[in-house]
Amino acid sequence: MARFDPLWRALAARIGADLLAESASGRLALWLPVAFAAGILAYFGARHEPSLAAALGLTAALAAASVAARRRAVLAGVLAGLCAFAAGFSAGCVRTAWVMHEAVAAPPAFPVKLSGHVERLERRATSDRILLRLDPGPVSGLEGQPRLVRLSLKRGTAPPVGAHLTQTARLLPPLGPAMPGSHDFGRAPWFQGIDAVGFGLGRPRLSPAAGPPPLSVRVAMAVDAARAGLAGRIRAVLQGTPAAIAVALVAGDRSAIAPAVEEGMRVSGLTHVLSISGLHMALVAGTLFALARGGLALVPTLALRWPIKALAALLALAGSAGYLVLSGNDVPAQRSFVMTGLVLVGVLAGRRALTLRTVAVAAVVVLGLTPEAALDPGPQMSFAATLALVAAYERLRPLQAMPRPDGVAARLALMPLVFVVGSVLTALVAGTASGPYGAFHFQRIAPYGVLANLAAMPAVTFLVMPFGLIGVLLMPFGWDALAWPVMGLGIEIMLAVSDQVAALPGADARLDTVNAAALLWFTVALLVLCLLRGVPSLLALPALLAAILVSGAPPRPAVLVAPNAATVAVRGADGRLSVVGARGQRVLVEQWLTREGDRRAAGGDDMARGFVCDRLGCVAPLPGGGALAVSYRAEGLAADCLNARIVVTREVPPRGCPARVVTPAELQRSGTLAFFLIDGALQARPARDPGIDRPWMPPLPSPPEEPAMATDSAPPETDDATAE
């Protein structure tokens, strides 16, 4: 090994020199948003709510220390990184304190009557969903004074935005993780200010309001009226699926898109086209900028005396803000608007529009305003793709200095080749960067995504989005009917590509081999490769190798018991879950199946094939021997206690039952209860770690007085319920 010492010393010296060059150029500041995001993740990983004063005090102290040490570059850099970490931690504390509210923790078993204004309406394939802004004052049967309630209603029965209604509803227990280590579905509604969720019983009844609608409802009414007008003008020209997708892209209403169409686009890798995101904002802003600058340049007086480039950027910024409002103002659209706005502000300031610094500032702004976005798949995939694309653009920028062919004909002939190569690189870079995050969160990949995007994006770029924007601009003059058919043609081309690609063998690929550790190492590799230049960027290779080595399916539970104590899954000899009572908890069972890449429908007839059932209950064999019994009636409990290792029941178990008994009282504290087969013993892990107490989590009830004893299972272990 001694003969390699000079090589290692030379390599270390080169890495050190390159890092000093990076520091001198200020590029190491790009790592501050990374530290900021890490601080946010540390905040959400805390087991109890941190002190806001302590977090802000630590941030201020580190900021002062970094300023005081500014003459010592290394120390100042370390302190700045720690300050960014503390600032991210503080951002989480501030955001939680800002939206703090008491959600309905224990909904009553009986229906309640709610009255209020409809603030938001989503028409879905199977139901309508409304956000109800309740009238001030208490609600009979509920503790506290809830303000916002999200209700699912029978499809087609929801009144328009702004209507005042009275609705009898059954409220549901607060949402939570579907199983240990999975996504916490109760966090996002809590940060949106939603106090309770549920479903309506019967049709909503319009009722007179005691006063004018709140300001938020009046704004929502104006926006909804504009969106409805847009949708009506589009549907007057287009029909069927092209009309539904056009309305989704222009007005943000995806309710008319058939589930089969969405699934086909998801399988082909084109589903990102349906969600208002960076692609749409960039196309809208770019089209507005080009039209405005070109139009202003046609007026010699303006072109010679006014900064038409800056004026075009202002018009594009205003148009992008209007598109944000009309498209529904969803979180992905907000994130995309911030990114686009920063690019346009760079144009106004005369700076290079799209750089890694722009991405860094956008990340800090978005995560600073909504720290909870750091845990969601959308922002993770979006920023990963954007970071990789901008870094690739910077790496390839020297190619722009290459000599170009002379003559107009030669340049025109070269343009298609440049477009094709650029499209392939864009799809490949963005797909590679965001793919592991999609696989981790959704257990799905689109192996033909590059092919689908290469074939469909020209239609989206040149027909769908530009002519959708032109149609909106022509609406006040009554000539919008000229633009919608061209937009519809582009949508039909995109749909044809989606159908062809989705029909290819292996297009619907599912896997569960990207675990949290693998995703962490992949993130490190991506950051190193994109944010460092020269030899230090090669450090991404060991991180990528580590991601590959630690990848693999996470431990799979042998048993899953839903909080209702009636939906139970047992792993069969074929490795798949058999589920009894799946129809009563369809959404939860879908999450169980999705986590394993299982394509079966949650309500399928074959879901319970591993169980044998009669009027007293159901029995299924357990991995490792023994049986699990789901007991429906008290008269069968004594036999189940003697013959089964695990008994799930809503009844009171007999005293001295030798089986491991799972009751609703225990499930109220644990959420979904999972049993893992470890060294022949079934060890229980709750989805809700009782040692974690955060504001968005419902308070835990008191433990049962007589917990069931197990003779063949180890004491329950806990898992981090906030893990994503």
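The chain is numbered in sequence order, starting from 1. Keep in mind that the numbers below use all heavy atoms, side chains included, and drop hydrogens, waters and symmetry copies.
A donor-acceptor pair is defined here as one N or O able to donate and one able to accept, closer than 3.5 Å; no such pair exists between the side chain of R170 and the backbone of G198. In terms of modelled atom types and a separation under 3.5 Å, the side chain of R293 and the main chain of A312 share no donor-acceptor contact. In this structure, T672 contributes its side chain and A178 its backbone to a donor-acceptor pair below 3.5 Å. In this structure, S498 contributes its side chain and M494 its backbone to no donor-acceptor pair below 3.5 Å. Counting only distance, with no hydrogens or angles, the side chain of H117 and the backbone of V217 share no donor-acceptor pair below 3.5 Å. Without hydrogens or angle criteria, T370 side chain to L367 main chain gives no donor-acceptor distance under 3.5 Å. With hydrogens and angles disregarded, a donor-acceptor distance shorter than 3.5 Å links the side chain of N564 to the backbone of T567. With hydrogens and angles disregarded, no donor-acceptor distance shorter than 3.5 Å links the side chain of W190 to the backbone of V99. In this structure, N453 contributes its side chain and G449 its backbone to a donor-acceptor pair below 3.5 Å. S434 places a side-chain N or O within donor-acceptor distance of the main-chain N or O of A430, the cut-off being under 3.5 Å.
Here the closest heavy-atom approach between residue P695 and residue T96 is recorded as CG-CG2, 3.8 Å. Between I493 and A459 the shortest heavy-atom distance is CG2-CB, 3.9 Å. The minimum heavy-atom distance linking A169 with L114 is given by the pair CB-CD1, 4.2 Å. Taking all atoms of both residues into account, the shortest heavy-atom contact from L230 to V250 is CD1-CG1, 3.9 Å. Considering all non-hydrogen atoms of both residues, L153 and G200 come closest at CD2-CA, 3.8 Å. Looking at every heavy atom in both residues, R688 comes nearest to P698 through NH1-O, 2.9 Å.
In this structure, the side chains of V149 and L171 come closer than 4.5 Å at one or more pairs of heavy atoms. Two residues are said to be in side-chain contact when any heavy atoms from C-beta on lie closer than 4.5 Å; D195 and E102 fail this criterion. Side-chain contact check for L56 versus V94: some heavy-atom pair is nearer than 4.5 Å. A heavy-atom distance below 4.5 Å is not found between the side chains of L131 and V118. The closest side-chain heavy-atom distance from V267 to R444 is below 4.5 Å. Side-chain contact between K113 and Q167: absent, with no pair of heavy atoms (C-beta onward) separated by less than 4.5 Å. In this structure the side chain of L495 reaches within 4.5 angstrom of the side chain of T241, judged on heavy atoms. Two residues are said to be in side-chain contact when any heavy atoms from C-beta on lie closer than 4.5 Å; P485 and V237 meet this criterion.
The closest side-chain donor-acceptor pair between Q591 and H183, if any, does not fall under 3.5 angstrom. Between the side chains of H164 and D135, at least one donor-acceptor pair of N or O atoms lies under 3.5 Å.
Residue pairs meeting the salt bridge (charged side-chain N to carboxylate O under 4.0 Å, His left out) criterion with at least one partner in residues 154-167, sequence neighbours excluded, are absent. Residue pairs meeting the salt bridge (charged side-chain N to carboxylate O under 4.0 Å, His left out) criterion with at least one member in residues 231-250, sequence neighbours excluded: R233-D480.
The aromatic ring centres of W696 and F44 sit less than 6.0 Å apart.
Here F477 contributes atom CZ and L482 contributes atom CG; the two are 13.5 Å apart, rounded to the nearest 0.5 Å. To the nearest 0.5 Å, the span separating CD on Q380 from OH on Y437 amounts to 7.0 Å. Note that the CE atom of M487 and the CD1 atom of I234 stand 6.0 Å from one another [nearest 0.5 Å]. L151 CG to S127 OG: the interatomic distance, rounded to the nearest 0.5 Å, is 11.0 Å. S152 contributes atom OG, which lies 9.0 Å from atom CD1 of I130 (distance to the nearest 0.5 angstrom). Note that the CH2 atom of W484 and the CG atom of L238 stand 8.5 Å from one another [nearest 0.5 Å].
For R203, the CZ atom sits in a loose shell: 12 or fewer heavy atoms of surrounding residues, nucleotides or ligands are nearer than 6.0 Å. Around CD of E143, the count of heavy atoms belonging to other residues, nucleotides or ligands within 6.0 Å does not exceed 12.
A salt bridge does not link E122 to R254: none of the charged side-chain nitrogens sits closer than 4.0 Å to a carboxylate oxygen. Taking a cutoff of 4.0 Å between a charged side-chain nitrogen and a carboxylate oxygen, R583 and E590 do not qualify as a salt bridge. A salt bridge links R95 with E372: the closest approach of a Lys/Arg side-chain nitrogen to an acidic carboxylate oxygen falls below 4.0 angstrom.
Of the candidates R218, R150, R133, R133 is the only one forming a salt bridge (charged side-chain N to carboxylate O under 4.0 Å, His left out) with E119.
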(request) Tell me, with the steps shown, if L148 and L132 meet side-chain contact (heavy atoms from CB on, under 4.5 Å). (result) CA-CA 6 Å; L148 278 178; L132 193 64; over 6 Å; no
(request) Starting from the C-alpha separation in whole Å, work towards a yes-or-no answer on side chain to side chain donor-acceptor pair (under 3.5 Å) for S115 and T166. (result) CA-CA 4 Å; S115 296; T166 299; 3.2 Å; yes
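Using cut-offs of 30° and 60° for the angle between ring planes, the F89 and Y43 rings count as perpendicular.
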